[in-house]
Amino acid sequence: MRILQNLGLAICLFITSQSFYGQQTSSNSSSQEILLNKEKEHAKRTLENQKELQKRQDLLKQDQDKAKKRQKKIESAQKKTERTQKDIKKTEDKIQKIQNELSLNKIPENKIQQNKIKSKEYELEVLKLQSKLSIQQQDLTKLLDSK
């Protein structure tokens with residue numbers, strides 16, 4: 001019985017001693033190190049993912065800016081084309097008005113000659129505007145076809 005008491009006392013002393021807790025603490029610290037390493041790896045992966053996401057967002061922003069610029073160019077080209085078409089229409093109306101005046105013959109001869117000259121000038125202007133319109137339409141087509 002004495003041996004059992006001594007053995008029990010030795011076990012109690014061993015359990016309450018610092019070496020027993022030291023071993024337990026070291027196992028806890030190694031598990032803490034493992035957890036810390038896992039957390040560091042997770043933080044590193046998260047940071048890399050954030051960097052990758054930021055790069056993608058920057059690329060999307062650049063693409064969006066390019067698309068806006070392209071849209072503005074297209075709208076500008078369309079407005080120029082419309083303006084040129086209006087100018088052609090106005091000039092053709094002026095030509096028609098002059099030809100109507102000439103056909104009525106209620107104006108003096110010198111006025112007739114001046115109106116014929118004006119009519120030819122307007123016709124020339126129409127041709128120039130049509131050429132300009134053709135070029136603008138080609139530019140617009142190129143803009144629409146480009147990416």
Side-chain angles (χ1 to χ4, degrees), residues 8-147:
L9 184 61
I11 291 175
C12 284
L13 286 174
F14 180 69
I15 289 176
T16 58
S17 71
Q18 290 294 328
S19 63
F20 178 76
Y21 289 113
Q23 289 174 353
Q24 192 176 18
T25 305
S26 68
S27 68
N28 282 342
S29 69
S30 70
S31 65
Q32 286 177 348
E33 286 178 20
I34 292 171
L35 286 174
L36 184 62
N37 286 338
K38 286 183 181 180
E39 287 178 13
K40 284 181 182 178
E41 288 177 24
H42 179 69
K44 186 178 179 181
R45 281 194 308 267
T46 303
L47 184 62
E48 289 173 358
N49 288 341
Q50 286 177 343
K51 286 180 182 179
E52 182 66 28
L53 182 61
Q54 185 64 39
K55 285 180 185 177
R56 288 182 183 176
Q57 286 175 340
D58 291 343
L59 288 174
L60 286 174
K61 178 95 169 113
Q62 289 174 354
D63 289 345
Q64 189 177 26
D65 291 343
K66 287 179 184 177
K68 284 181 181 179
K69 286 180 183 177
R70 182 175 179 267
Q71 184 65 31
K72 285 181 182 179
K73 285 181 181 179
I74 290 171
E75 289 173 0
S76 174
Q78 288 173 336
K79 286 179 183 178
K80 286 180 182 178
T81 303
E82 290 171 4
R83 267 188 262 127
T84 304
Q85 287 173 340
K86 286 179 183 178
D87 290 345
I88 290 172
K89 177 85 170 100
K90 273 194 225 176
T91 309
E92 287 175 343
D93 289 344
K94 288 178 184 179
I95 293 170
Q96 187 64 40
K97 182 179 174 183
I98 291 173
Q99 288 176 352
N100 287 341
E101 286 179 10
L102 291 175
S103 66
L104 293 176
N105 290 329
K106 293 184 179 180
I107 53 176
E109 187 65 35
N110 64 348
K111 253 320 200 188
I112 292 174
Q113 291 301 321
Q114 288 176 350
N115 284 345
K116 284 183 180 181
I117 292 171
K118 275 187 183 179
S119 177
K120 293 296 180 185
E121 287 174 355
Y122 287 143
E123 287 175 9
L124 183 61
E125 187 177 338
V126 167
L127 290 174
K128 287 179 184 177
L129 288 171
Q130 286 175 340
S131 173
K132 181 179 176 182
L133 178 64
S134 174
I135 292 170
Q136 289 173 343
Q137 287 174 336
Q138 288 173 354
D139 291 342
L140 178 61
T141 304
K142 286 178 186 177
L143 276 173
L144 291 173
D145 291 343
S146 70
K147 185 172 181 185

If you measure from [atom1] on [X] to [atom2] on [Y], what distance do you get to the nearest 0.5 Å?
X	Y	atom1	atom2	answer
Glu123	Lys120	CD	NZ	4.5 Å
Lys118	Ile98	NZ	CD1	6.0 Å
Glu33	Leu35	CD	CG	10.5 Å
Ile135	Lys80	CD1	NZ	12.0 Å
Gln138	Thr141	CD	OG1	7.5 Å
Gln62	Leu60	CD	CG	9.5 Å

At their closest point, which heavy atom of [X] faces which heavy atom of [Y], and how far apart are they?
X	Y	result
Leu129	Ile88	CB-CG1, 3.3 Å
Thr91	Tyr122	CG2-O, 3.3 Å
Gln137	Thr81	CG-CG2, 3.9 Å

Mind checking what makes salt bridge (charged side-chain N to carboxylate O under 4.0 Å, His left out) contact with Asp93, not counting sequence neighbours?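 Listed in chain order: Lys89.
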Would you say [X] and [Y] make side-chain contact, with heavy atoms under 4.5 Å?
X	Y	answer
Gln99	Ser103	no
Gln136	Leu133	yes
Gln57	Leu53	yes

With a 3.5 Å distance limit and no angle check, can you tell me whether Ser119 reaches the backbone of Asn115 through a side-chain donor-acceptor pair?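 Answer holds: no.
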Side-chain donor or acceptor of Ser134 paired with backbone N/O of Gln130 under 3.5 Å: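 No, Ser134 side chain to Gln130 backbone: no donor-acceptor pair under 3.5 Å.
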Pair Gln78, Ile74 - check side-chain contact (heavy atoms from CB on, under 4.5 Å), show working. CA-CA 6 Å; Gln78 288 173 336; Ile74 290 171; 3.9 Å; yes
Polar contact flag, side-chain donor to acceptor under 3.5 angstrom, Asp58-Gln54: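 Checked: Asp58/Gln54 side chains pair up, N/O donor to acceptor below 3.5 Å.
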Identify which one of Lys79, Lys73, Lys72, Gln71 satisfies the side-chain hydrogen bond (donor to acceptor under 3.5 Å, both in side chains) criterion when paired with Glu75.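 It is Gln71, the one option of Lys79, Lys73, Lys72, Gln71 that forms the side-chain hydrogen bond (donor to acceptor under 3.5 Å, both in side chains) with Glu75.
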Using 4.0 Å as the upper bound for N to carboxylate O, is an ion pair formed by Arg56 and Glu52?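 Between Arg56 and Glu52 there is a salt bridge, with a charged N closer than 4.0 Å to a carboxylate O.
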